[in-house]
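A note on names: the letters A, B, ... follow the listed sequences, proteins ahead of strands, and every chain is numbered from 1.
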Amino acid sequence: MNWQRTTAALIAAGALMLPALAQAQDAKPFKLGIVTFLSGAAAGPFGVPARNAAELIVEALNSGSVPAPYAGKKGINGMPLETTIVDEAGGTTKQVTEYRNLAERAGVDAVIGYISSGDCLAIAPLADELKKLTIFFDCGTPRIFEDASYKYLFRTGGTATMDNLAAARYLLKKKADVKSVAGINQNYAWGHDSWNDFKASMQTLKKDVKFATEQFPKLGAGQYGTEISALLVASPDVIHSSLWGGDMEAFVLQGTARGAFDKRTLILTAGESAMHRLAGQIPDGTIIGARGPHGDFAPKSELNDWFRKAYEARFNTPPTYPSYKMAQALLGLKAATEKAAGDQASRPTDEAIVKAFEGLTFTAPSGEVHMKLGKGHQAIQEIAYGTFKRENGKATLVDVVRYPAECVNPPEGVKSMDWLTGGLKGAKCD
Amino acid sequence: MQQLVAILIDGTIYFSWLFIVSLGLTLIYGVMKILNIAHGSFYALGAYAAASAVGAWFAAGLPAAGSYLLLAVCGLAIGAAIGFAVERGLLRRMYGRDEVVMILVTYAVFLILEDVIKLVWGVNPYLAYQPYTALGRIAIGGIGFAVYDLILLALALAMGFAAWFTLNRTRYGRLLLVVIHDREISSAMGINVARMFTVTFTIGAMLGALGGAVAAPGISVVPGIGVDIIVLAFAVSVIGGLGSVAGAAIGALIVGLTRAAAIHLVPEVELFVIYAVMAIVLAFRPEGLFGRPAARKI
Amino acid sequence: MAKLGTHALLLAAAVVLVPLGLVLPTWLVFLVTIGLAKGLVVIGLVVMMRAGLVSFGQGLYYGLGAYSAGLAANFLGLNDAVLLLVIGAAVGIVVALGLGVLLVRYRQIFFAMLSLAVSMILYGALVRSTALGSTDGFNLPPPTFLGLAPDVETGRRILFVLALLLALGTASLLHRFTRSPTGVLGEAIVMNEIRVEYLGASVSRVLLITYVIGAITAALGGVLVALATSHIDPDLAFWTTSGEFVFVAILSGTGHVAASLVGMVLFETVRSFAFQYSPYTWQMVVGTAMLLVIVFLPYGLWSLVSRGEGRSARP
């Protein structure tokens with residue numbers, strides 16, 4: 001029976017090693033590790049749109065077809081980009097291991113990734129430990145740069161604070177007489193933070209508002225019947241929700257079917273990512289956010305027109321906010337590297353790239369991005385909110401209001417929560 | 001008052017979903033002593049199959065009434081196919097191995113099926129809301145409820161009755177009870193246990209897939225929907241006593257009502273209320289509510 | 001194999017591996033550290049499984065160990081790796097003594113499910129605790145080692161050596177335990193509990209001791225993982241984490257406690273390469289590898305070494 005065991009072991013080992021042979025090497029590429037959800041519930045709404053955008057942008061950069069202001073050099077400063085894509089699933093221990101493997105075993109020059117805030121928190125200290133240029137493109141927790149500061153780490157996307165502050169501002173503009181608000185957010189850090197930020201914003205902006213009920217269904221619960229009943233019993237004027245992906249779609253479906261949104265306003269802070277898919281289901285008048293000026297909120301520009309067109313042509317669906325945020329991270333890296341390189345053709349040192357990145361202002365399909373917080377490592381940008389309206393079966397956004405970056409983000413050195421509860425000192429809204 | 005009515009109705013609706021999902025699991029465990037982790041995949045497969053079929057049905061402009069039949073047929077068909085294939089192709093070779101090893105085998109099947117689902121359907125969510133919204137809603141105690149959810153309750157009751165009837169009033173069902181009671185003796189008495197296993201596993205898989213299929217219209221079908229089912233269905237079955245149909249029903253009812261009460265009154269504890277119920281029940285009834293203590297061999 | 005002497009073998013492994021830890025690339029050192037830390041949990045679980053206690057809730061002690069280390073480091077300012085290990089183990093013992101009395105009354109699937117329920121209650125509590133960062137968890141500062149504060153990379157290597165010595169030492173101790181009267185009684189309990197009682201031994205005492213051993217190793221593993229990743233979150237207590245330990249225990253084979261160390265390190269490596277080279281289908285690769293092992297190696301990977309003397313290996 002020995003041969004059987006040996007063969008089994010060999011087959012098992014072989015199955016794992018085979019793909020390793022399929023890797024080729026080019027001359028002097030810029031190697032990029034990309035980490036995003038490829039499996040699990042976050043893959044569909046976030047991970048894969050982000051991966052698609054990464055593929056699109058990387059290929060366009062390598063062939064030099066990205067329009068101004070990135071039309072100058074191919075790739076990054078002339079170096080072709082080469083990517084390794086890793087699944088973000090599996091929890092933080094797994095992700096810490098994979099990050100090390102990317103940085104040391106695969107030897108990438110930079111890592112772009114991370115949708116989950118937990119993964120971001122765990123990876124952040126590693127970036128400095130391994131001195132590896134790292135860009136977070138999506139995760140929202142403000143704790144990253146508020147609790148610590150890092151040298152090799154950057155985040156090109158805004159924090160979750162501005163999502164909820166802007167939602168509160170927009171709500172009060174549209175519906176100044178709001179009396180009671182309820183929340184339904186997933187029972188995990190993102191859901192808790194979103195609700196707490198929104199609650200604090202409302203308390204600061206309109207003191208007499210009441211909070212009818214706060215529901216925290218389990219992540220991926222699917223069945224929201226009981227929560228919807230609890231909302232109906234509490235009967236608030238407004239329902240705030242940061243649900244995303246399948247959870248949001250299921251909640252909207254079940255809530256609409258039961259008339260939960262008939263006489264009240266629904267706020268979906270991450271609603272844009274499913275707006276087109278759910279065009280027939282989202283009730284008119286729903287307040288929709290995109291975690292920044294992304295997707296349908298993106299301002300008109302040559303770069304944005306190109307991005308939308310190229311993305312739609314290739315993936316048969318318009319790009320949603322995760323795609324925009326990924327594009328933003330890649331272009332930020334390009335802008336910083338090329339600024340560091342100046343006229344030189346060679347690859348600048350990591351130190352030079354870091355220096356150029358700090359405080360950088362660059363252009364993305366979603367407009368201007370300013371690396372202003374966290375000692376120049378955390379981006380701020382404007383944010384937009386709009387109201388959902390169905391026109392001929394198509395999803396459109398009306399009454400779009402744009403809030404400047406400094407209206408919805410705390411000044412440097414102030415923690416988001418302190419800023420929200422402390423009366424929003426220093427907010428510049430005009 | 002309104003709240004009490006809501007708790008009762010919500011709890012019952014959640015019960016029907018839980019019961020449909022747990023029935024197949026508890027049946028397979030009762031007969032085969034396999035704690036089938038792949039049950040979650042069967043649920044997901046049923047949901048995906050139903051969602052894509054219903055999508056095609058409405059895209060072709062066919063009448064809504066037929067979609068309900070389509071849901072059921074899809075779930076049952078894919079469950080039968082995959083259940084039969086897994087039992088004949090894999091599990092059959094493993095009988096006699098330890099219970100824990102069988103859990104591991106079904107876990108491996110679960111992992112493989114998760115990726116198969118991803119390869120076939122991709123990661124984008126599937127919606128099949130038409131059957132859900134077409135039935136409209138009715139108001140009970142001033143709160144709107146989806147008629148579809150109430151129909152699921154009827155379905156759950158019908159399934160429970162069918163299971164009870166088959167087990168207690170048909171020849172095949174009684175043979176199954178014999179196998180549940182003592183596998184070795186029934187084999188010695190000339191019952192074809194291997195065939196019973198195939199049939200049971202296939203039916204269990206069909207029930208799991210049916211659960212997914214009928215749940216699909218109310219949810220968005222995404223990767224990973226099967227994972228939570230596993231532990232929920234386990235918990236319900238264990239509370240009721242693994243292998244007992246009545247137990248699964250009572251277990252699902254207790255969990256459904258407790259959860260509904262928790263969400264309405266103390267939403268903070270929703271996440272672990274099911275485990276707390278399980279711990280309390282097991283503390284007083286170590287074999288579950290309807291489980292029988294195993295005979296102690298000397 | 002057995003003739004060579006398990007203890008001599010473990011000693012040899014230590015002599016070979018410790019210097020390797022000083023020269024290997026850090027990603028590999030880290031991978032193996034994680035493998036050893038989790039392997040430590042599995043060693044304890046194997047001992048429990050030999051006594052019939054298949055716990056689907058070792059995540060409880062794994063998470064408790066990690067959180068007690070994290071809390072002690074962040075709120076009490078205790079930052080020494082050795083001290084944190086002691087704290088983690090102590091918390092594990094206290095909780096296990098309390099819960100064990102209740103849990104060891106249960107057998108088989110009921111023990112499994114009840115231990116799962118308890119770990120999920122901890123998970124739920126951690127998720128709701130915003131002060132501890134909910135599901136995002138929180139970070140740990142780099143530890144000191146008996147007062148030494150090396151630079152970060154050296155710290156990683158010292159941690160590897162610490163994990164290695166701890167794992168091999170535990171393996172050696174527990175190997176001895178499985179040969180001791182209490183350990184052997186555990187196996188007897190699986191075969192016939194009542195006869196064990198008739199022989200005058202206390203079943204509940206044996207099981208409680210075994211349960212506490214499992215808790216200690218899981219808590220130690222949790223502290224090591226927390227120190228290695230410098231980050232903890234409630235996922236450590238989630239049921240899938242506990243499930244992974246059971247799977248690795250079975251894959252490695254329960255025939256020998258040391259097998260789980262090798263098994264866990266192998267599992268981590270396989271998964272890591274599957275992640276990188278097959279990012280879309282890594283679950284399928286892992287699942288297939290598992291099935292192959294189960295079909296062709298009924299007594300786990302250990303049977304590659306022990307050649308059929310798998311009697312004591314009750315998978």
Checking heavy atoms, do the side chain of [X], its backbone, both or neither come under 4.5 Å from chain B?
X: A:T256; value: backbone
X: A:P217; value: backbone
X: A:L219; value: backbone
X: A:Q281; value: side chain
X: A:D247; value: neither
X: A:L232; value: side chain

Among A:G47, A:G246, A:P49, which has the most heavy-atom pairs under 4.5 Å with chain B?
->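 Highest number of heavy-atom pairs under 4.5 Å: A:G246.
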Which of A:K218, A:Q215, A:Q223 touches chain B most, by non-hydrogen pairs under 4.5 Å =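 When all of A:K218, A:Q215, A:Q223 are compared, A:Q223 has the most.
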Shortest non-hydrogen separation from [X] to [Y] and the atoms involved:
X: B:P125; Y: A:E249; result: CB-OE1, 3.5 Å
X: B:V123; Y: A:V48; result: CG2-CG2, 3.1 Å
X: B:A260; Y: A:T226; result: CA-CG2, 3.5 Å
X: A:R277; Y: B:L127; result: NH2-CG, 3.7 Å
X: A:L38; Y: B:K118; result: O-NZ, 3.3 Å
X: B:E270; Y: A:F216; result: OE1-O, 4.0 Å

Could you grab the distance from atom OG of A:S39 to atom CD of B:E114, nearest 0.5 Å is fine?
->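 Rounded to the nearest 0.5 Å, the OG-CD separation comes out at 8.5 Å.
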Gap between atom CD1 of B:I7 and atom OG of A:S229 - 0.5 Å precision =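 Answer for the OG-CD1 pair, A:S229 versus B:I7, is 9.5 Å.
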Which one of [options] has the most heavy-atom pairs closer than 4.5 Å to chain A?
options: B:V222, B:D228, B:T133; value: B:D228
options: B:G218, B:A146, B:A6, B:G224; value: B:G218
options: B:Y148, B:Y132, B:Y14; value: B:Y132

Within-4.5 Å side-chain heavy-atom neighbours: B:I219 and A:Q254 |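 With C-beta onward as the side chain, the pair touches.
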B:I263 versus chain A, heavy atoms under 4.5 Å apart: side chain, backbone, both or neither?
->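 Its backbone and side chain both get close to chain A.
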Pair A:R258-B:I143, side chain to side chain contact (heavy atoms under 4.5 Å, CB included): steps then yes or no = CA-CA 8 Å; A:R258 294 179 56 185; B:I143 299 173; 3.8 Å; yes
Any chance CZ of B:R93 has more than 12 other-residue heavy atoms, nucleotides or ligands included, within less than 6.0 Å?
->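 Incorrect, the count does not exceed 12.
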